[in-house]
Amino acid sequence: MRSQTILITGGNDGIGRATAQVLLERGHLVVIAGRSPVKMKAAVATLRHRTGSDKVEWLECDLASLDSVRAASDDFLRRFGQLDILINNAGIFTNDLQFSSDGYELQFAVNHLGHFLLTNRLMPLLSDAPEGRIVNLASVAHFHGKMDFEKLRGEGGAEAYNGLHAYAQSKLANVLFTRELARRYPEVESNCLHPGVVRTRIANKRSRWYYSLLWSFYKPFMRPTRCGARTPLYLALSPEIRGVSGRYFDERQCCRKPSADARDPELAGQLWTISEQMVDIKSNPAV
Ligand SMILES: NC(=O)c1ccc[n+]([C@@H]2O[C@H](COP(=O)([O-])OP(=O)(O)OC[C@H]3O[C@@H](n4cnc5c(N)ncnc54)[C@H](OP(=O)(O)O)[C@@H]3O)[C@@H](O)[C@H]2O)c1
């Protein structure tokens with residue numbers, strides 16, 4: 001396989017870093033995107049040390065800020081000018097109502113909206129690639145998700161906020177986004193996945209102490225990150241995925257039926273339109 005140019009969000013930690021490591025071991029050019037230059041530089045050094053490859057670069061991109069996503073995509077276009085595979089991996093979980101720089105509920109903003117904007121801005125490169133692919137990290141949690149378009153700015157306040165529901169909604173958005181990407185851009189293979197329950201720090205970073213403690217308690221029973229990376233790698237690289245698009249895969253690389261809401265084409269179209277309005281694509285031709 002020829003060397004591919006691959007961008008992976010949240011490539012400095014957890015499943016993203018494990019995925020980046022294997023991609024580097026296979027000789028690809030990997031760009032990891034994240035919000036903290038300090039963490040990104042440390043991750044690049046670790047990845048270079050572990051793989052012996054110097055084909056790893058970093059890109060500053062805070063998905064909780066639409067301006068940062070715009071700057072990051074400009075930077076990517078300028079520095080690399082081509083993209084074969086985009087892995088929308090970054091994600092957060094929190095119990096408490098928090099907001100992005102643009103005033104949106106944080107889990108929806110980071111897990112879906114920032115990726116929506118990044119993907120749209122990089123789509124010309126993916127469409128031009130010989131075999132462009134998009135891999136979205138969703139979750140089995142999407143089965144519990146309901147799209148509540150009335151509450152994307154945290155309407156109802158902290159009392160009405162349920163972090164688990166908001167996380168599930170953001171993961172449902174990942175599956176709906178994948179479906180709509182496949183419909184709008186048939187030249188690019190877009191798929192999403194559940195990586196398994198993976199031993200990362202996702203629920204230690206922003207959640208309440210008792211939730212973080214519970215997550216840590218169960219860590220010995222979770223899959224290691226290299227196993228969590230298997231399905232993203234399969235969807236990114238496997239020749240079996242050629243011609244397969246808009247699908248949801250589980251941690252064993254099996255194509256599964258997602259929830260009924262995730263299969264609703266009207267809901268997918270509605271999410272796309274609302275996301276466009278939220279990132280101001282239509283009124284701002286420069287996106
Ligand atoms: N772990 C699981 O069991 C599990 C299960 C189902 C689905 N998933 C999904 O898998 C994906 C990866 O999660 P993980 O478990 O590997 O978590 P993780 O170890 O916490 O990694 C998440 C990555 O996202 C980055 N990130 C967070 N906020 C960001 C922002 N505003 N802008 C840019 N990057 C940001 C993090 O950067 P920092 O280091 O700076 O925080 C980190 O690199 C997520 O989409 C998650 O929903 C995970």
Side-chain angles (χ1 to χ4, degrees), residues 7-21 31-44 46-47 58-69 71-73 87-94 98-102 104-118 135-145 163-164 166-175 177-178 192-207 212 214-216 218-219 221-233 235 248-251 258:
L7 173 61
I8 174 161
T9 66
N12 63 291
D13 205 359
I15 299 166
R17 193 175 63 190
T19 306
Q21 182 169 329
V31 183
I32 59 172
R35 60 188 167 156
S36 156
V38 174
K39 287 186 192 173
M40 304 304 287
K41 284 180 196 165
V44 165
T46 303
L47 286 166
W58 64 275
L59 183 76
E60 187 170 351
C61 177
D62 182 355
L63 291 155
S65 157
L66 296 173
D67 278 346
S68 171
V69 175
S73 48
I87 305 180
N88 288 320
N89 160 84
I92 56 163
F93 169 74
T94 176
Q98 296 173 53
F99 296 95
S100 70
S101 320
D102 310 276
Y104 300 121
E105 188 278 318
L106 193 62
Q107 297 197 77
F108 182 79
V110 171
N111 298 355
H112 167 67
L113 203 58
H115 285 124
F116 175 84
L117 181 59
L118 183 71
V135 179
N136 292 326
L137 274 275
S139 168
V140 72
H142 87 271
F143 279 98
H144 305 289
L164 286 169
Y167 179 77
Q169 172 177 252
S170 74
K171 293 289 129 183
L172 172 59
N174 294 155
V175 188
F177 178 43
T178 305
C192 65
L193 67 113
H194 169 63
V197 181
V198 184
R199 198 179 305 135
T200 70
R201 297 187 59 248
I202 189 166
N204 299 122
K205 291 176 178 174
R206 288 177 173 271
S207 50
S212 174
L214 194 66
W215 180 256
S216 295
Y218 281 107
K219 273 190 183 170
F221 308 103
M222 296 178 188
R223 315 175 86 208
T225 51
R226 67 173 184 282
C227 294
R230 280 184 191 151
T231 309
L233 288 164
L235 295 181
Y248 168 76
F249 288 75
D250 71 9
E251 71 270 35

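Just so it is clear, the model here is predicted, and its values are computed rather than measured. In each ligand, atom 1 is the first atom listed, and ligand 1 is the first ligand listed.
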Handout entry: Nearest non-hydrogen partners of Ala43 and Arg17, listed with the distance
Key = CB-CD, 4.4 Å
Handout entry: Residue Gly10 vicinity, atoms of ligand 1 by number, heavy atom under 4.0 Å
Key = 23 (C), 24 (O), 25 (C), 43 (O)
Handout entry: ligand 1 N/O within reach of Leu63 N/O, cut-off under 3.5 Å
Key = yes
Practice task
Verify the neighbour count for atom CZ of Phe99: are there more than 12 heavy atoms of other residues, nucleotides or ligands below 6.0 Å?
Solution key: yes
Fill in the blank from the handout: Within 4.0 Å of some non-hydrogen atom of Ile15, the atoms of ligand 1 are 10 (O), 15 (O), 16 (O), 48 (C)
Practice task
With heavy atoms of Gly196 as the reference, note each atom of ligand 1 found under 4.0 Å away.
Solution key: 2 (C), 3 (O), 4 (C), 5 (C), 6 (C)
Completion exercise
dist Cys61:SG -> His115:NE2 (nearest 0.5 Å) comes out at 7.5 Å
Problem - Closest to atom 6 (C) of ligand 1 (judged by heavy-atom distance), picking from Gly228, Ser100, Pro195 - result: Pro195
Exercise for the section: Return the residue, atom name and 0.1 Å-rounded distance of the protein heavy atom closest to atom 15 (O) of ligand 1. Expected result: Thr200 OG1, 2.6 Å
Exercise for the section: Please determine, by modelled atom types, if Thr9 and Asn88 share a side-chain donor-acceptor pair under 3.5 angstrom. Expected result: no
Problem - Validation row, ring centre His112 to ring centre Phe177 under 6.0 Å - result: yes
Problem - Working for side-chain contact (heavy atoms from CB on, under 4.5 Å), residues Tyr248 and Asn174 - result: CA-CA 10 Å; Tyr248 168 76; Asn174 294 155; over 6 Å; no
Practice task
Can you measure from OG1 (Thr225) to CZ (Arg230) and round to the nearest 0.5 angstrom?
Solution key: 11.0 Å
Exercise for the section: Have a look at ligand 1 and work out which part of Lys205, if any, has a heavy atom under 4.0 Å from it: side chain, backbone, both or neither. Expected result: side chain
Exercise for the section: Select one of side chain, backbone, both or neither to describe which atoms of Ala90 lie under 4.0 Å from any atom of ligand 1, heavy atoms only. Expected result: both
Problem - Asn89 side, atom CG; Ile8 side, atom CD1 - distance, nearest 0.5 Å - result: 4.5 Å
Exercise for the section: Say whether Cys61 and ligand 1 are in contact under the criterion: heavy-atom distance to a ligand atom below 4.0 Å. Expected result: yes
Problem - Closest protein heavy atom to atom 3 (O) of ligand 1, given as residue, atom name and distance to 0.1 Å - result: Val198 N, 2.7 Å
Fill in the blank from the handout: Here the gap from Gln21 atom CD to Ile32 atom CD1, rounded to the nearest 0.5 Å, amounts to 11.5 Å
Problem - Interfacing atoms of ligand 1 (cut-off 4.0 Å, heavy-atom, Val197) - result: 3 (O)
Exercise for the section: Quick one: look up the protein heavy atom nearest atom 41 (O) of ligand 1 and list residue, atom name and how far away it is. Expected result: Arg35 NH2, 2.6 Å
Completion exercise
Closest to atom 19 (O) of ligand 1 among protein heavy atoms sits Gly14 CA, 3.3 Å
Exercise for the section: Run the contact test for Asp62 against ligand 1 with a 4.0 Å cut-off on heavy atoms, strictly below, and give the result. Expected result: yes
Exercise for the section: Check each of Val69, Ile202, Val140, Asn136 against atom 17 (O) of ligand 1 and report the one with the nearest heavy atom. Expected result: Ile202
Fill in the blank from the handout: At under 4.0 Å between heavy atoms, what of Leu137 touches ligand 1? The answer is both
Practice task
Taking all heavy atoms of Pro232 and all of Ile15, pick out the closest pair and write down the distance.
Solution key: CG-CG2, 4.3 Å
Practice task
Pick one of side chain, backbone, both or neither for how His194 approaches ligand 1, counting any non-hydrogen atom pair under 4.0 Å.
Solution key: side chain
Problem - Contact partition for Ala138 relative to ligand 1, non-hydrogen atoms under 4.0 Å - result: backbone
Practice task
Starting from the C-alpha separation in whole Å, work towards a yes-or-no answer on side-chain contact (heavy atoms from CB on, under 4.5 Å) for Asn204 and Lys219.
Solution key: CA-CA 11 Å; Asn204 299 122; Lys219 273 190 183 170; 2.6 Å; yes
Fill in the blank from the handout: Between Ile92 and the options Lys205, Gln98, Arg206, the side-chain contact (heavy atoms from CB on, under 4.5 Å) test singles out Arg206
Problem - Side chains of Thr200 and Asp13, donor plus acceptor under 3.5 Å - result: no
Problem - From Arg199 atom CZ to Trp215 atom CH2, the distance as rounded to the nearest 0.5 Å - result: 11.0 Å
Handout entry: Residue and atom name of the nearest protein heavy atom (relative to atom 27 (C) of ligand 1), distance in Å to one decimal
Key = Ile92 CG2, 3.5 Å
Completion exercise
Counting heavy atoms under 4.0 Å, the part of Lys39 that contacts ligand 1 is side chain
Practice task
State if Lys171 counts as touching ligand 1 under the rule of any non-hydrogen atom under 4.0 Å.
Solution key: yes
Exercise for the section: Could you give me the CA-CA distance, side-chain angles and deciding distance for Asn111 and Ser170, then say whether side-chain hydrogen bond (donor to acceptor under 3.5 Å, both in side chains) is met? Expected result: CA-CA 6 Å; Asn111 298 355; Ser170 74; 3.0 Å; yes
Practice task
Using heavy-atom distances, let me know which of Trp215, Tyr167, Phe93 sits nearest atom 47 (O) of ligand 1.
Solution key: Tyr167
Handout entry: Backbone or side-chain N or O of Asn12 under 3.5 Å from ligand 1 N or O
Key = yes
Exercise for the section: Tell me which protein heavy atom sits closest to atom 11 (C) of ligand 1, plus the residue, atom name and distance to 0.1 Å. Expected result: Asn89 O, 3.0 Å
Handout entry: For atom 22 (C) of ligand 1, closest protein heavy-atom neighbour
Key = Gly91 O, 3.6 Å
Handout entry: ligand 1 versus Thr225: contacting region, heavy-atom distance under 4.0 Å
Key = neither
Problem - Nearest-0.5 Å distance, CG of residue Leu118 to CG of residue Leu113 - result: 11.5 Å
Handout entry: Atom indices of ligand 1 within 4.0 angstrom of Ala64 heavy atoms, with elements
Key = 31 (N)
